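Following: one structure in structure tokens, then a few remarks.
Treat the numbers as computed from the prediction; the structure is a model and nothing was measured. Throughout, protein chains are lettered first and strands after them, A, B, ... in sequence-line order, and every chain is numbered starting at 1.
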Number of protein chains: 2
Amino acid sequence: MSEVRWLSDEEQAVWRSYLAATTMLREHIERRLQRDAQMPQTYYEVLVALSEAPDMKLRMSELADASRSSRSKLSHAVNRMERSGWISRDDCDVDRRGSWARLTEKGFAVIHAAAPDHVTTVREALFDVLTPEQVRQLGEISAAIAGNLAGECAKVRAEEGTL
Amino acid sequence: MSEVRWLSDEEQAVWRSYLAATTMLREHIERRLQRDAQMPQTYYEVLVALSEAPDMKLRMSELADASRSSRSKLSHAVNRMERSGWISRDDCDVDRRGSWARLTEKGFAVIHAAAPDHVTTVREALFDVLTPEQVRQLGEISAAIAGNLAGECAKVRAEEGTL
DNA sequence: TCTTACTAGTTGAACGTTCAATTTGTCTTG
DNA sequence: CAAGACAAATTGAACGTTCAACTAGTAAGA
């Protein structure tokens with residue numbers, strides 16, 4: 001039981017600023033995407049992952065990893081997008097428990113229609129307000145944070161099916 | 001109708017890294033808070049805002065601003081925390097439409113019990129993986145992003161009651 | 001004063017996410 | 001080739017959030 005290392009005044013200020021910035025940015029993008037393309041950011045990421053995959057299809061687990069979704073969340077999301085006609089589910093011959101999620105032509109059209117607005121939002125809200133130097137810095141900072149948490153997240157992912 | 005300014009390879013990489021880092025960090029903190037204190041991060045922020053207010057009470061609208069909640073979201077959240085006995089609602093004499101949200105003794109105890117674990121989580125996942133220089137950089141980057149979005153968010157906030 | 005416009009806050013329904021099963025199929029080892 | 005362990009994916013309930021009304025009180029102008 002060691003003593004808690006509280007935050008210094010500067011750390012406190014940075015943390016609050018970080019929280020404000022990331023929250024506002026996320027909500028801003030979410031609102032725009034909802035307004036322009038009638039989908040949450042999560043669905044956008046799922047569609048992007050599929051559109052970049054060979055034959056525009058992935059096993060559910062692969063898609064879950066690619067889009068940082070839990071299996072359950074992805075299952076619900078794919079249900080929803082299947083009803084919208086953006087994704088279809090195909091049986092997997094190799095493993096009959098598994099199934100493929102495939103981007104339909106309609107889904108392909110939807111993601112391509114959504115992309116320009118989305119990219120513009122990201123550019124205007126993020127890259128346009130930072131200097132090139134800051135962009136580089138943000139890249140390194142993000143890599144450090146993500147690198148440290150990757151293990152933890154993998155562990156959580158692994159415990160999913162187990163307990 | 002001008003041409004879309006797509007992201008360069010470097011911007012693309014930074015954006016994906018940023019998305020991975022912020023998503024993982026948020027979910028990590030959320031999981032810990034849920035595990036250690038049985039509350040989502042949003043509720044934690046509401047309790048902190050109240051604990052820092054004079055007499056540990058704020059009008060609902062002030063609390064909404066302080067915790068970056070929509071009025072609706074806050075209303076639901078306070079309902080929940082009132083049932084838990086962490087917050088109580090007091091009538092407002094000055095404006096009979098309004099009401100005060102006040103932190104109860106139990107709520108005060110809850111937030112003080114939750115703080116050490118939470119701060120430790122934040123320190124380990126954020127400050128411990130960055131150099132002092134990077135912490136400073138992150139502060140400036142966050143300020144730039146938040147500063148730019150503040151107007152937009154205020155506008156959304158204002159439209160809430162109107163439409 | 002009456003009327004209209006506005007503001008504070010709440011509510012219920014719809015949505016997306018989490019959590020804890022559950023189903024179905026594969027792998028392993030005796 | 002059984003038997004149990006494990007893996008892929010889905011499901012329903014509970015939760016928190018959003019959205020669009022809605023209630024009730026205040027402010028302003030005629």
Is a donor-acceptor contact shorter than 3.5 angstrom present between the side chain of Ser70(B) and the base of dC19(D)?
no
Aromatic ring pairing His112(B)/Phe108(B), orientation class (parallel under 30°, perpendicular over 60°, tilted between)
tilted
Taking atom C1' of dC6(C) as reference, at what distance in whole Å does atom CZ of Arg71(B) sit?
12 Å
Looking only at N and O atoms, is any donor in the side chain of Ser72(A) or the base of dT11(D) less than 3.5 Å from an acceptor on the other one?
yes
Measure the shortest side-chain to side-chain distance between Cys153(B) and Arg31(A) over non-hydrogen atoms and say whether it is less than 4.5 angstrom.
yes
Please tell me which of Thr42(B) and Ser75(A) maps to the more 5' nucleotide of DNA chain D, matching each residue to the nucleotide holding its nearest heavy atom.
Ser75(A)
Is Glu52(B) paired with Arg16(A) through a side-chain N to carboxylate O contact shorter than 4.0 Å?
yes
Would you check if the side chain of Arg123(A) reaches a backbone N or O of Arg5(B) as a donor-acceptor pair within less than 3.5 Å?
yes
Please check if any side-chain donor atom of Ser72(A) sits under 3.5 Å from a side-chain acceptor atom of Ser70(A), or the reverse.
no
Can you tell me how far C1' of dG16(D) sits from CD of Gln38(B), to the nearest Å?
16 Å
To the nearest angstrom, the NZ-C1' distance between Lys73(A) and dT11(D) comes to 18 Å
Between P on dT7(C) and CZ on Arg157(B), what's the gap in Å once rounded to a whole number?
15 Å
In terms of the nearest nucleotide of DNA chain D, which residue is placed more toward the 5' end: Glu27(A) or Glu62(A)?
Glu62(A)
It should be established whether Asn79(B) places a side-chain nitrogen or oxygen under 4.0 Å from OP1 or OP2 of nucleotide dT10(C).
no
Distances for protein N or O near nucleotides 23-26 of chain C N or O, under 3.5 Å:
residue : atom : partner  : partner atom : Å
dG25(C) : N2   : Arg97(A) : NH1          : 2.9
dT26(C) : OP1  : Arg96(A) : N            : 3.3

Take atom CD of Glu30(B) and atom P of dC15(D), then tell me their distance rounded to the nearest Å.
15 Å
Choose from dT11(D), dT18(D), dA8(C) the nucleotide whose nearest atom is closest to any side-chain atom of Arg59(B).
dA8(C)
Cationic N near anionic O, under 4.0 Å, Arg157(A) to Asp65(A):
yes
Identify, between Ala77(A) and Arg89(B), the residue whose nearest nucleotide on DNA chain C lies closer to the 5' end.
Arg89(B)
Do the side chains of Trp6(B) and Pro116(A) get nearer than 4.5 Å, heavy atoms only?
yes
Kindly point out which of dT18(C), dT10(D), dC19(D) is positioned nearest to the side chain of His76(B)?
dC19(D)
